[in-house]
Amino acid sequence: MTSDFAPTGAPRTVQARPFAFAFEPLTTALVMIDMQRDFIEPGGFGESLGNDVSHLARVVGPATDLLGWARMRGLLVVHTRECHRPDLSDCPPAKRLRGAPSTRIGDAGPMGRILIDGEPGADFVPGLSPLAGEVEIVKPGKGAFYNTTLTHVLTARRITHLIFGGVTTEVCVQTTMREANDRGYECLLVEEATGSYFPEFRDATLAMVRAQGGIVGWTASLADVMRA
Ligand code: TIU
């Protein structure tokens with residue numbers, strides 16, 4: 001008997017905006033951007049920049065549902081984390097010195113050194129960690145293609161379509177989606193599964209992605225994605 005959620009190459013269609021998004025599960029990846037404690041919990045990088053991190057708590061539930069759907073559908077799952085090596089050799093001084101944060105990248109905080117790989121703050125929030133066989137991309141920048149192996153991973157798996165969730169919408173999610181769009185990927189951003197410290201920036205990003213006939217890609221509600 002075939003489960004309704006058995007991985008299959010059969011084409012699927014999402015009722016998306018500005019128009020329907022068609023994809024085949026075998027050539028589609030979920031890209032979950034930076035669902036890390038450093039951005040979502042108090043005491044991390046996000047709060048050090050002066051942000052109200054409580055805005056991101058509401059993303060965790062929908063992101064978890066989206067991840068569960070992608071796993072059931074048999075999509076390749078890619079998780080990214082923004083962080084730096086302990087010696088900061090991959091952190092441009094411009095990034096570390098920008099502004100007047102309460103603590104800088106590499107400084108000690110309640111979740112360990114801020115935005116440093118291997119520290120508790122740089123880890124995924126509970127429930128959103130990779131499973132065996134899923135891809136984890138550790139990235140030094142906002143875009144997940146910059147100085148990472150993501151292009152090679154997607155090419156090797158013959159991925160053509162990307163479905164995005166994660167934080168923050170206008171920073172790492174939008175940057176990565178634009179990088180992917182320029183590389184020829186068909187990109188869909190799931191509306192409830194992404195969030196910003198600035199709700200109006202999230203809304204503006206969703207609008208600008210799908211404007212001009214989908215200049216960057218598509219957006220869709222989580223319910224419409226999960227119906228596909
Ligand atoms: N500051 C902010 O909104 N975001 C980031 O610095 N990184 C990500 O978006 N992941």
Side-chain angles (χ1 to χ4, degrees), residues 30-60 62-64 66-67 78-85 88 90-107 109 111-117 119-125 128-130 135-148 150 162-181 187 189-206 208-209 216-217 219:
L30 172 70
V31 182
M32 188 62 78
I33 301 285
D34 299 359
M35 291 299 289
Q36 297 164 251
R37 299 182 65 197
D38 253 317
F39 296 106
I40 296 169
E41 296 185 12
F45 181 60
E47 192 172 76
S48 81
L49 299 176
N51 295 306
D52 175 0
V53 299
S54 71
H55 288 292
L56 300 193
R58 68 179 68 104
V59 179
V60 174
T64 304
L66 176 62
L67 180 59
V78 177
H79 307 254
T80 72
R81 286 190 298 120
E82 177 185 349
C83 56
H84 295 281
R85 294 179 192 153
L88 296 176
D90 60 352
C91 181
K95 179 176 181 180
R96 184 161 189 271
L97 299 176
R98 182 89 41 84
S102 56
T103 44
R104 295 192 185 277
I105 296 169
D107 289 352
M111 294 189 287
R113 295 179 65 201
I114 299 282
L115 217 61
I116 298 297
D117 196 13
E119 300 287 336
D123 202 354
F124 298 98
V125 295
L128 284 165
S129 294
V135 177
E136 181 176 344
I137 298 286
V138 178
K139 62 187 183 65
K142 305 306 180 191
F145 288 86
Y146 171 68
N147 259 355
T148 73
L150 183 55
L162 302 175
I163 297 178
F164 285 92
V167 299
T168 63
T169 317
E170 80 282 10
V171 183
C172 292
V173 176
Q174 180 172 215
T175 301
T176 302
M177 206 168 161
R178 288 176 180 274
E179 287 181 326
N181 187 51
C187 298
L189 177 54
V190 183
E191 293 159 5
E192 297 85 350
T194 187
S196 170
Y197 303 119
F198 307 89
E200 67 275 25
F201 288 178
R202 170 189 168 278
D203 295 345
T205 302
L206 292 171
M208 69 178 77
V209 157
V216 179
T219 79

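Predicted model, so just to flag it, every value in this text is computed and none were measured. Below, each value reflects all heavy atoms present in this structure, side chains not excepted, and no hydrogens, waters or symmetry copies. In listed order, ligands and their atoms are each counted from 1.
Residue F45 approaches ligand 1 through these ligand atoms, each under 4.0 Å from one of its heavy atoms: 6 (O). Which parts of ligand 1 touch L49 is read off a 4.0 Å heavy-atom cut-off, strictly below it: atoms 1 (N).
Side-chain atoms of E179 come within 3.5 Å of backbone atoms of A144 as a donor-acceptor pair (strictly under, hydrogens ignored). Put simply, the side chain of K95 gets close to the backbone of P140: a donor and an acceptor are under 3.5 Å apart. Judged by distance alone, the side chain of R202 and the main-chain N or O of E191 form a donor-acceptor pair under 3.5 Å.
When hydrogens are left out, the protein atom nearest atom 8 (C) of ligand 1 is C172 SG, 2.6 Å; that is the closest non-hydrogen contact. Of all protein heavy atoms, the one closest to atom 5 (C) of ligand 1 is F39 CE2, 3.4 Å. Among all non-hydrogen protein atoms, the one lying nearest atom 4 (N) of ligand 1 is T168 OG1, 3.4 Å.
Remark: ligand 1 and Y197 share no N or O pair separated by less than 3.5 Å (distance only, no angle test). An N or O contact shorter than 3.5 Å is missing between N51 and ligand 1 by distance. Polar contact with ligand 1: present for K142 (N/O pair, distance under 3.5 Å). In terms of polar-atom proximity, defined here as any N/O pair under 3.5 Å, V167 does make such a contact with ligand 1. Any N or O atom pair closer than 3.5 Å counts here, and E82 shares at least one such pair with ligand 1.
Ion pairing between a basic and an acidic side chain is recognised when a charged N comes within 4.0 Å of a carboxylate O; K139 and D34 show such pairing.
Of the N and O atoms on the side chains of E170 and T205, not one donor lies less than 3.5 Å from an acceptor on the other residue.
M111 and E41 make their closest contact through SD-OE1, 3.6 Å (heavy atoms, listed as atom of the first residue, atom of the second, distance).
At a threshold of 4.5 Å between non-hydrogen side-chain atoms, the residues Q174 and T169 do not count as touching. Annotation: side chain of F145 is in contact with side chain of T176 (closest heavy-atom distance under 4.5 Å).
With a 4.0 Å heavy-atom cut-off, ligand 1 is reached by the side chain of D34 but not by its N, CA, C or O.
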